[in-house]
Peer 1: 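Structure in structure tokens, see below.
No experiment lies behind these values; they were computed from the predicted model shown.
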Amino acid sequence: MRADETGKGKLDLPADTATRMAVLLQRVGRQRDREAFALLFRHFAPRLKSYLIRQGSSTEAAEELIQDIMLLVWRKAEQYDPKRAAASTWIYTIARNRRIDVLRRERRPEPEPEDPMAGPVVEATGDAVIAFKQNRKRLMQAMTELSEEQALVVKMSFMEDKSHSMIARELDLPLGTVKSRLRLAFKRLREVLGEGW
Amino acid sequence: MVKPRHHPGDEWLVSYAAGTLDEAYSLLVASHLTYCGVCREKVRAAEDVGGLLLEQQTPTDLDLGSLDRVLARLDDDVAVPAVRDIRIQTEAERAHLPLPLVEFIGGDLNSLSWRSLGRGVKAVRLDAHGREDSRLWLLRAPPGMRLAEHSHRGTELVLVMHGCLHDGSEIFVPGDVDEKGDDHWHAPVVGDGEECICLVVTDAPIRFKGLVARLLQPLIGL
């Protein structure tokens, strides 16, 4: 395995990271492509390690979790749909569920994706890969436009596994303030990105 | 299936996407998502924030051989269930209950040890883990029943799964979430015709108003 992370090996890959990762993940899903998997690993595993350590994992536990997470990525890659999610988002959800299971020892209830009980889902239209490449850029921009207070509660939630009341205690704020900051941050992002971004 | 009109606040959806909720809240949100395409899209959008933040992490070096270790395990013959437990799925469909709930209790409602609270009202507290003092309940009440007037020291989320519930001027049907915050006094009434089955999460003991209800509180542990 000699291809470096930028993918300038045998594979002819897009230069944009988000698009490249989506292509690689699809290659793993469709062709069980080990080279593509190794490239995904080289990109995501070091980021997953930082993520897991920020979530309260020891470095040893993080290494073990990364093995689990990346094996799940390999096994579930067939289910990945680039119209529905960026590769990083898809891998994020696997990592999140796994760390809740292992680090917090709690169950993670999830709806069935195709549950007939749910109402109709808005289908992605047009060139989905281009759409989420643009969305990703706009999301990045929108995140920088959040107020400092809003960005902080978002980061503490997603990156530090802090519940509403843990954030309230840590920032010495009323619980209601924490909740409204999260609501406002999300509202702001949706305003910038449009509903169903 | 009627689209739900009453949703949990966005902070619950965002925190579900972030993975910070206790099992109790997580189950209630996942169960609501079973009915609600709108909130599923919101959760998906919020998960994108997680994806972006993961992407933006500064890489930390892995142990040497980490990639080789995982490559060596790719062909391990591990059965990954492609679909969920069919028995549980069938159970959920038959009972018109959200799949996450049926998975959580591992069977049907009749397998639970319901406690009678009088006047046909029954409740069972479900075993849910978490870091907060959250409590998870299933409640069933006969048609027309007025539930005890009560208030909270925290939040109460009620997901209606069968029958309907009137609370003030609002009506809650299956899939709807009734969210009540601090110091909101209310006495929900079960709609006529059908038994009402709800999933309830509270994050602090409920404070009942009436004396008898207060006397009952330690007994029923609400």
Peer 1: Taking the side chain from B:D22 and the backbone from B:R131, do they hold a donor-acceptor pair closer than 3.5 Å?
Peer 2: yes

Peer 1: What part of A:T17 is in contact with chain B, defined as an atom under 4.5 angstrom from a non-hydrogen atom: side chain, backbone, both or neither?
Peer 2: side chain

Peer 1: Check whether A:R99 gets within reach of chain B through its side chain, its backbone, both or neither, counting any heavy atom under 4.5 Å.
Peer 2: side chain

Peer 1: Please classify the contact between B:D63 and chain A as side chain, backbone, both or neither, with a heavy-atom cut-off of under 4.5 Å.
Peer 2: both

Peer 1: Using the rule side-chain hydrogen bond (donor to acceptor under 3.5 Å, both in side chains), only one of A:T89, A:D16, A:T19 pairs with A:R136; which is it?
Peer 2: A:T89

Peer 1: For chain B, which of A:K187, A:K155, A:Q55, A:M159 has the most heavy-atom pairs under 4.5 Å?
Peer 2: A:M159

Peer 1: Going by the angle between their ring planes, with limits at 30° and 60°, are B:H6 and B:F172 parallel, tilted or perpendicular?
Peer 2: tilted

Peer 1: Tell me, side chain or backbone of A:R181 under 4.5 Å from chain B's heavy atoms, or both, or neither?
Peer 2: neither

Peer 1: Shorter than 4.5 Å, heavy atoms on both sides: which option in A:R107, A:R96, A:E78, A:R183 has the most such pairs with chain B?
Peer 2: A:R107

Peer 1: Just so I understand: if I count every heavy-atom pair under 4.5 Å between each of A:M70, A:M140, A:E160 and chain B, which residue has the most?
Peer 2: A:M140

Peer 1: With chain B as the partner, which of A:L182, A:L184, A:D161, A:V153 has the greatest number of non-hydrogen pairs under 4.5 Å?
Peer 2: A:D161

Peer 1: Measure distances from A:I66 to the heavy atoms of chain B and classify the residue's part below 4.5 Å as side chain, backbone, both or neither.
Peer 2: side chain

Peer 1: Using non-hydrogen atoms only, which part of A:I100 is less than 4.5 Å away from chain B: side chain, backbone, both, or neither?
Peer 2: side chain

Peer 1: Could you check A:E63 against A:Q67 for side chain to side chain donor-acceptor pair (under 3.5 Å), going step by step and ending with a plain yes or no?
Peer 2: CA-CA 6 Å; A:E63 285 282 343; A:Q67 295 281 314; 5.3 Å; no

Peer 1: For the interface with chain B, which of A:Y92, A:F44, A:W90 has the highest count of heavy-atom pairs at distances below 4.5 Å?
Peer 2: A:Y92

Peer 1: Please classify the contact of A:Y51 with chain B as side chain, backbone, both or neither, using a heavy-atom distance under 4.5 Å.
Peer 2: both

Peer 1: Given the options A:M143, A:R108, A:K162, which has more heavy-atom pairs under 4.5 Å with chain B than any of the others?
Peer 2: A:R108

Peer 1: Can you say whether A:T93 sits under 4.5 Å from chain B via the side chain, the backbone, both, or neither, judging by heavy atoms?
Peer 2: side chain

Peer 1: Just checking B:H32 against B:H7, ring centres under 6.0 Å apart?
Peer 2: yes

Peer 1: Considering only heavy atoms and a distance below 4.5 Å, find which of B:L13, B:D10, B:T58, B:V70 pairs most often with chain A.
Peer 2: B:V70

Peer 1: Output yes when a side-chain donor or acceptor of A:W74 lies under 3.5 Å from a complementary backbone atom of B:L74, and no otherwise.
Peer 2: yes

Peer 1: How far apart are the closest heavy atoms of B:E11 and B:E179, and which atoms are they?
Peer 2: OE2-OE2, 3.9 Å

Peer 1: Below 4.0 angstrom, N of the basic side chain to O of the carboxylate: do A:K49 and A:E60 qualify?
Peer 2: no

Peer 1: Is B:E132 close to chain A through its backbone or its side chain, or both, or neither, when contacts mean heavy atoms under 4.5 Å?
Peer 2: side chain

Peer 1: Got a donor-acceptor contact below 3.5 angstrom from the A:S57 side chain to the A:A62 backbone?
Peer 2: yes

Peer 1: For the residue pair A:A86 and A:Y80, what are the closest heavy atoms and their distance?
Peer 2: C-OH, 3.6 Å

